[in-house]
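The structure displayed is predicted, hence computed values, not measured ones. Computation of the quantities below employed the complete heavy-atom set of this structure, encompassing side-chain atoms and omitting hydrogens, waters and symmetry-equivalent molecules.
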Amino acid sequence: MTQINKLKIFNDPIYGFITIPNELVYDLIQHPYFQRLRRISQMGLSYLVYPGANHTRFHHALGCMHLMKKAIDTLRFKDVVISEEEENALLIAILLHDIGHGPFSHAMEKSIVEDVHHEAISLLFMNQLNEEFDGRLSLAIQVFKGEYHRKFMLQLISSQLDMDRMDYLKRDSFYTGVAEGNVNSERLIQMMNVENDVLVIEEKGIYSVEKFLLSRRLMYWQAYLHKTSLVAELILMKVLKRAKELTLKGVKLPCSEPLMYFMQNKITLEDFDAEKLDLFSQLDDFDIISALKAWQRHNDFILSTLSKMIINRDLLKIKLSAEKIPMEESQSLKEEFAEAHQISAVDAGYFIFRGKIKNQAYSKEAEPIRILKKDKTIEDVVEASDQLNLKSLSKLVTKYYICFPKQLI
């Protein structure tokens, strides 16, 4: 039997060549659970706004692993001791951090697999893989859960300046063409250090941190919370909610078996056994898109109309406001729409609804980004920075929206 070369190289448009560091990582990438990420888009329905935003979570996970390797090399160069076993754990934990995402991530979480967060499902996948790989992921799981005694390791995976954010900002900026999001991850990593078991950024890297936080704020308003992406995701949530409602009433809808299973059953985190996890692993964006294509011809007015909106990119109108939108405004629109289409006011709620979005580039409640000063003292970046705008970046900004059909304008 010929030996497979498992030390392969990926060509990434952002970083150039990404090397697979060892055979275990290769086998994890080859696993069907991980290959599924090729069929899950990183930015959901944002391609309806930015045609280039078709990149996947597979792309992103590899990019995160590449940045983690760079961070480990930098810290070792600065005499932070990281064993080979710890390095492996960090690379595996960041590689698998998004493995629990469902199709169109957040829309799925809020409509079909209700109240089960993708991070909890990621952990279920990791535990399952750990069994298949004879316990070789145990340390990675410990680090991922924040149970490992070296706290800075969790900060590299999940914090306000982690490998995940560094990759997705740079990658999403590249694929959308929103240049403001292009962060200098290389420079940020070079400025990293560990002091008293805590991840810090050396003082000379403070401007790179400021740019990173500003980029994050701009990417949220221009890409992630762009009003067209937002309304498309909200419509998708309504479609899936309606499909589930009809299914539970006994209406047989055309869709894949795994999708049908999750529409027929209310699954909580406790219900997620190996069999259900396997069913979940068969779900990806293609299940949803092919279902929408079939449902646009269904005789249920709500299901077909909303499905057509996404397939043909003929979406609801969305209006954003700094002030809360009065209930009377949506109520009168609902009544008008219900009368025009001979449906109930409750059903009209699928087409006319209100809500709010929040954006906070830097949270003072979460663990801070720490700056290591030249005199070896450590300060929160907001205090260390001479930039007034950093204080404003830590302010929570709320915007209110109302969605309604265009013909009601």
Side-chain angles (χ1 to χ4, degrees), residues 39-40 44-45 48 101-116 118 121 230-269 271-272 275-276 278-318 330-331 333-355 402-408:
R39 303 185 298 280
I40 297 206
L45 290 163
L48 294 176
H101 269 289
F104 298 109
S105 317
H106 309 295
M108 190 81 181
E109 270 173 40
K110 291 183 183 132
S111 53
I112 288 190
V113 187
E114 295 162 76
D115 307 320
V116 185
H118 67 265
I121 302 176
L230 176 65
V231 76
E233 188 168 292
L234 291 165
I235 294 168
L236 181 57
M237 275 152 55
K238 298 282 183 192
V239 176
L240 295 173
K241 186 178 164 219
R242 181 61 173 179
K244 188 159 190 167
E245 196 180 296
L246 292 171
T247 303
L248 294 174
K249 282 181 184 166
V251 179
K252 191 95 174 78
L253 294 178
C255 67
S256 69
E257 276 179 45
L259 183 55
M260 178 57 73
Y261 179 83
F262 284 100
M263 289 203 303
Q264 284 173 338
N265 299 280
K266 184 167 172 57
I267 307 295
T268 63
L269 189 56
D271 300 326
F272 254 104
E275 185 194 348
K276 294 185 184 56
D278 187 57
L279 272 167
F280 185 85
S281 76
Q282 293 170 46
L283 280 175
D284 55 49
D285 290 5
F286 293 86
D287 295 75
I288 303 291
I289 294 294
S290 57
L292 291 175
K293 284 170 71 181
W295 296 345
Q296 62 182 336
R297 288 175 181 79
H298 198 270
N299 58 14
D300 179 76
F301 170 73
I302 298 169
L303 188 71
S304 61
T305 308
L306 293 174
S307 298
K308 273 184 205 142
M309 283 181 181
I310 296 175
I311 294 295
N312 302 324
R313 199 198 175 278
D314 188 9
L315 307 167
L316 293 170
K317 182 88 180 145
I318 182 168
S330 61
Q331 207 49 48
L333 287 170
K334 274 184 203 172
E335 285 163 15
E336 192 186 327
F337 189 76
E339 201 179 323
H341 293 279
Q342 300 297 293
I343 58 173
S344 71
V346 173
D347 285 351
Y350 274 101
F351 299 91
I352 296 135
F353 46 88
R354 300 172 308 145
I402 181 167
C403 301
F404 52 90
K406 288 173 184 164
Q407 62 266 37
L408 283 179

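- To the nearest 0.5 angstrom, His101 atom NE2 is 8.5 Å from Ile40 atom CD1.
- Residues satisfying the salt bridge (charged side-chain N to carboxylate O under 4.0 Å, His left out) criterion with Lys308, sequence neighbours excluded, are absent altogether.
- For the atom pair CG of Leu306 and CG of Leu292, the computed distance is 9.5 Å after rounding to the nearest 0.5 Å.
- Considering all non-hydrogen atoms of both residues, Ala232 and Ile310 come closest at O-CD1, 4.0 Å.
- The side-chain heavy atoms of Ile288 and Leu240, taken from C-beta on, include a pair separated by under 4.5 Å.
- Qualifying side-chain contact (heavy atoms from CB on, under 4.5 Å) partners for Gln264, counting only residues two or more places apart in sequence or in other chains: Thr247, Met260.
- In this view, Asp271 satisfies the salt bridge (charged side-chain N to carboxylate O under 4.0 Å, His left out) rule with no residue, not counting sequence neighbours.
- Applying the side-chain contact (heavy atoms from CB on, under 4.5 Å) test to Leu248 and every residue at least two apart in sequence or in another chain returns Lys244.
- Interatomic distance, SG of Cys403 versus CG of Leu315, reported as 10.0 Å (0.5 Å rounding).
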Query raised in the report: Run the side chain to side chain contact (heavy atoms under 4.5 Å, CB included) check on Ile235 and Leu45 step by step: do they pass?
Result: CA-CA 11 Å; Ile235 294 168; Leu45 290 163; over 6 Å; no
Report task. Might you work through the side chain to side chain contact (heavy atoms under 4.5 Å, CB included) test for Lys241 and Met237, ending with a clear yes or no? Result -> CA-CA 6 Å; Lys241 186 178 164 219; Met237 275 152 55; over 6 Å; no
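- Between Gln296 and Lys293, some side-chain heavy-atom pair lies under the 4.5 Å cut-off.
- Among residues two or more places apart in sequence or in another chain, the side-chain contact (heavy atoms from CB on, under 4.5 Å) test is passed with Ala243 by Leu253, Met263, Trp295, Leu303.
- Within the 4.5 Å cutoff, the side chain of Leu246 has no heavy atoms near those of the Ile302 side chain.
- When all heavy atoms of Phe301 and His341 are compared, the pair lying nearest together is CZ-ND1, 3.5 Å.
- Taking the side chain to side chain donor-acceptor pair (under 3.5 Å) definition, one finds that Asp314 meets it with Lys406, sequence neighbours left out.
- In this structure, the side chain of Glu233 does not engage the main chain of Leu230 through any donor-acceptor pair within 3.5 Å.
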Can you list, pair by pair, the side-chain donor-acceptor contacts under 3.5 Å of residues 343-355, counting residues two or more places apart and other chains?
residue: Ser344; atom: OG; partner: Asp347; partner atom: N; Å: 3.1
residue: Tyr350; atom: OH; partner: Glu245; partner atom: OE1; Å: 2.5
residue: Arg354; atom: NH1; partner: Ile325; partner atom: O; Å: 2.7

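- Under the salt bridge (charged side-chain N to carboxylate O under 4.0 Å, His left out) criterion, Asp300 pairs with Arg242, not counting sequence neighbours.
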Identify every side-chain donor-acceptor pair in residues 278-286 under 3.5 Å, counting partners at least two apart or on other chains, and give the distances.
residue: Asp278; atom: OD2; partner: Gln282; partner atom: NE2; Å: 3.3
residue: Ser281; atom: OG; partner: Asp278; partner atom: O; Å: 2.6
residue: Gln282; atom: NE2; partner: Asp278; partner atom: O; Å: 3.4
residue: Asp284; atom: OD1; partner: Phe286; partner atom: N; Å: 2.9
residue: Asp284; atom: OD2; partner: Arg39; partner atom: NE; Å: 2.6
residue: Asp285; atom: OD1; partner: Phe104; partner atom: N; Å: 3.2
residue: Asp285; atom: OD2; partner: Ser41; partner atom: N; Å: 2.8
residue: Asp285; atom: OD2; partner: Ser41; partner atom: OG; Å: 3.0

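- Every residue two or more places apart in sequence or in another chain was checked for a side-chain contact (heavy atoms from CB on, under 4.5 Å) with Ser290, and none qualifies.
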